[in-house]
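See structure below.
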Amino acid sequence: MPELPEVETVANGVHARVAGQRIVSVWTSGKPQTFKSPESEIAETLTGKWIERVRRVGKSIVMDLRESPRNKKIDTGAQFLVHLGMTGRLLVSQPEVPLPPHTHAVLSLADGREVRFVDARRFGRLSVVKQIGGYIGPGVEPTTISAEEFSTLFKGRKLAIKAALLNQSILHGVGNIYADESLFRAGIRPRKQAGKLTHAELARLHEALQAVLAHAIKLGGSSVSDYVDADGVAGFFQLEHKVYGRAGELCSDCGTALKKIVVGGRTTVYCPKCQS
DNA sequence: AGGTTGACCTGGACGC
DNA sequence: TGCGTCCAGGTCAACC
């Protein structure tokens, strides 16, 4: 489900509901794979803390934790990281609502509500970190990077530009949908070597990527299969997909049949005419 | 070191 | 209806 716009939608939704709340207890499922930090450490770190804010860094949801509700005491520096993987959901629910199947963590809040992490496919990961100055993620932030800095990211890279966009240690937050959609809008072949993009192509890709991400965030992300935001509401950007999920359909710009290939191990759809 | 591939999971869609 | 196959928005370890 979750690339940058979807994760940002969820993070903002959860922030609006739980910022300023205190976590009174933590339950975890015991499925080892879900927990990147030991479950006992997660429970100890979260229990009794106030949630200062919930935000997105890369594809992770970051919960900043405090020892006290106000700024009087120092920040704990502790943060709870939620990576949604493919099917993870972070829900805020009343306690009487039955736990969905595949619930792996429940944070009980002082007002009785619960923050629930649900993940059928178990590619999601929960962890706690204590980084002074805050968690910064594996790569650079695509929504705010300048055109100049963007064009330096791919210098000398031999991998395909599509694979480079998906590499979280280069640029974090972009996944399969927004890689394909931004390459289409920039008119660039997904298989072109990243280091061989011209100055003009880099400028177009920077522009297209930021435009597509901003527009998707505005629409609440893309709802493909089971994605919903913190309220259980679907996003609408999938209606604007020009190539993702449209292999074999005709290009909306030129009428050519959209082609499906595999790049960097991922299904990739592009227009052979518009992306040359 | 950079780049590529397969493994990790469950469930939904599709074909027979 | 039921069963088998294929596919999925993401990482990451293990290879080349």
Side-chain angles (χ1 to χ4, degrees), chain A residues 1-11 29-37 56-61 81-90 100-104 117-127 129 135 137-139 142 152-184 190-196 209 212-213 215-217 219-229 234-248 260-269:
Chain A
M1 138 212 338
E3 304 182 30
L4 188 155
E6 294 76 36
V7 177
E8 181 142 331
T9 300
V10 173
S29 66
K31 295 274 186 208
Q33 162 181 235
T34 299
F35 303 94
K36 211 166 150 188
S37 307
R56 174 194 62 80
V57 175
K59 289 179 193 166
S60 290
I61 297 165
L81 265 52
V82 177
H83 196 296
L84 298 173
M86 297 276 258
T87 53
R89 290 183 295 156
L90 196 63
H102 309 294
T103 298
H104 291 109
F117 177 68
V118 181
D119 183 17
R121 215 167 146 192
R122 276 189 271 143
F123 285 176
R125 294 290 180 271
L126 303 181
S127 60
V129 294
Y135 177 73
T152 66
L153 293 177
F154 309 109
K155 278 214 173 89
R157 294 282 190 167
K158 296 212 167 119
L159 78 174
I161 184 60
K162 162 84 185 266
L165 288 171
L166 294 177
N167 184 330
Q168 302 297 296
S169 62
I170 299 174
L171 198 64
H172 61 206
V174 179
N176 209 27
I177 296 174
Y178 299 100
D180 277 8
E181 292 297 317
S182 60
L183 286 168
F184 172 79
R191 278 206 176 117
K192 180 154 185 173
Q193 270 192 20
K196 290 192 174 168
L209 180 60
V212 103
L213 291 174
H215 190 203
I217 289 169
L219 296 184
S222 300
S223 290
V224 181
S225 73
D226 58 358
Y227 166 76
V228 290
D229 72 8
F236 292 97
F237 187 72
Q238 70 280 6
L239 302 174
E240 319 246 337
H241 292 173
K242 298 211 179 245
V243 286
Y244 177 81
R246 297 189 179 280
K260 177 156 99 170
I261 58 175
V262 174
V263 183
R266 311 297 302 280
T267 294
T268 299
V269 183

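Below, read A as the first sequence line, B as the second, and so on, with proteins coming before strands; counting in each chain starts at 1.
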When you compare the protein's N or O atoms with those of nucleotides 11-13 of chain B, which come within less than 3.5 Å of each other, and at what distance?
residue : atom : partner  : partner atom : Å
B/dG11  : OP1  : A/His102 : NE2          : 2.7

Just the table, please: protein N/O against nucleotides 13-16 of chain C N/O, every pair under 3.5 Å.
none

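Remark: A/Lys162 engages A/Asp180 in a salt bridge (Lys or Arg N to Asp or Glu O under 4.0 Å) (not counting sequence neighbours). Every residue two or more places apart in sequence or in another chain that forms a salt bridge (Lys or Arg N to Asp or Glu O under 4.0 Å) with A/Lys192 is listed here: A/Glu201. Take A/Asp119 and apply the salt bridge (Lys or Arg N to Asp or Glu O under 4.0 Å) test, not counting sequence neighbours, and it matches no residue.
What you find for A/Phe35 and A/His104 is that their closest heavy atoms are CZ-O, 3.4 Å. Closest non-hydrogen pair, A/Val174 versus A/Glu3, comes out as C-OE1, 4.0 Å. In terms of heavy-atom proximity, A/Val262 sits nearest to A/Arg191 at O-NH2, 3.1 Å. Heavy-atom minimum distance, A/His241 versus A/Tyr244: ND1-CD2, 3.6 Å. Among all heavy-atom pairs drawn from A/Gly88 and A/Phe117, the shortest one is CA-CE1, 4.2 Å.
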remark   = Pairing string of DNA chain C (Watson-Crick or G-U wobble, both atom distances under 3.5 Å; | = paired to other strand) is .|||||||.|||||||
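Side-chain atoms of A/Leu165 and A/Tyr178, non-hydrogen and from C-beta on, never get closer than 4.5 Å to each other. Contact annotation: the side chain of A/Val10 never approaches that of A/Pro2 to less than 4.5 Å [non-hydrogen atoms, C-beta and beyond]. Counting heavy atoms from C-beta on, the side chains of A/Leu219 and A/Leu239 never come closer than 4.5 Å.
Taking side-chain N and O atoms only, A/His83 has no distance below 4.0 Å to OP1 or OP2 of C/dG10. Dashed line: the shortest gap from a side-chain N or O of A/Arg125 to OP1 or OP2 of C/dT11 is not under 4.0 Å. One finds no side-chain N or O of A/Gln33 lying less than 4.0 angstrom from the OP1 or OP2 phosphate oxygen of B/dC8.
Candidate nucleotides C/dT11, C/dA8, B/dC9 were compared by shortest atom distance to the side chain of A/Arg122, and B/dC9 ranks first. Distance from the side chain of A/Lys158 is smallest to B/dG3 among B/dC9, B/dG3, C/dT11. Listed nucleotides B/dG3, C/dC12, B/dC9 differ in distance to A/Phe123; the shortest reach to its side chain belongs to B/dC9. Nearest to the side-chain atoms of A/Arg157 among the listed nucleotides C/dT11, B/dT10, B/dG2 stands B/dG2. Listed candidates were C/dT11, C/dA8, B/dG3. Nearest to the side chain of A/Lys59 is C/dT11.
Taking the P atoms as reference points, B/dA1 lies 22 Å from C/dT11, given to the whole Å. Straight-line distance between the P atoms of C/dA14 and B/dC9: roughly 15 Å, to the nearest whole Å.
What separates CD1 of A/Ile161 from C1' of B/dG3 is a distance of 14 Å, to the nearest Å. When rounded to the nearest whole Å, the span between NE2 of A/His172 and P of C/dT11 equals 11 Å. Between the CG atom of A/Leu165 and the C1' atom of C/dT11 there is a distance of 17 Å, given to the nearest Å. If you measure from atom CG of A/Leu171 to atom P of C/dG10, you get 13 Å, rounded to the nearest angstrom. Protein atom CZ of A/Arg266 is 12 Å distant from nucleotide atom C1' of C/dC7, rounded to whole Å. If you measure from atom CG of A/Leu81 to atom P of C/dT11, you get 13 Å, rounded to the nearest angstrom. When rounded to the nearest whole Å, the span between CZ of A/Phe35 and P of B/dC8 equals 20 Å. With rounding to whole Å, A/Leu159 atom CG is found 17 Å from B/dA1 atom P.
Using a 4.0 Å heavy-atom distance criterion, A/Lys31 is classed as making no nucleic acid contact. The residue A/Gly175 sits close only to the backbone: its heavy atoms come under 4.0 Å of sugar-phosphate atoms, none of a base.
Residue whose closest nucleotide on DNA chain C sits further toward the 5' end, between A/Leu166 and A/Arg121: A/Arg121.
Judged purely by atom type and a 3.5 angstrom limit, A/Gln193 has no side-chain atom pairing as donor or acceptor with the backbone of A/Ile161. The backbone N or O of A/Pro100 lies less than 3.5 Å from no partner atom in the side chain of A/His102, so there is not a single donor-acceptor pair.
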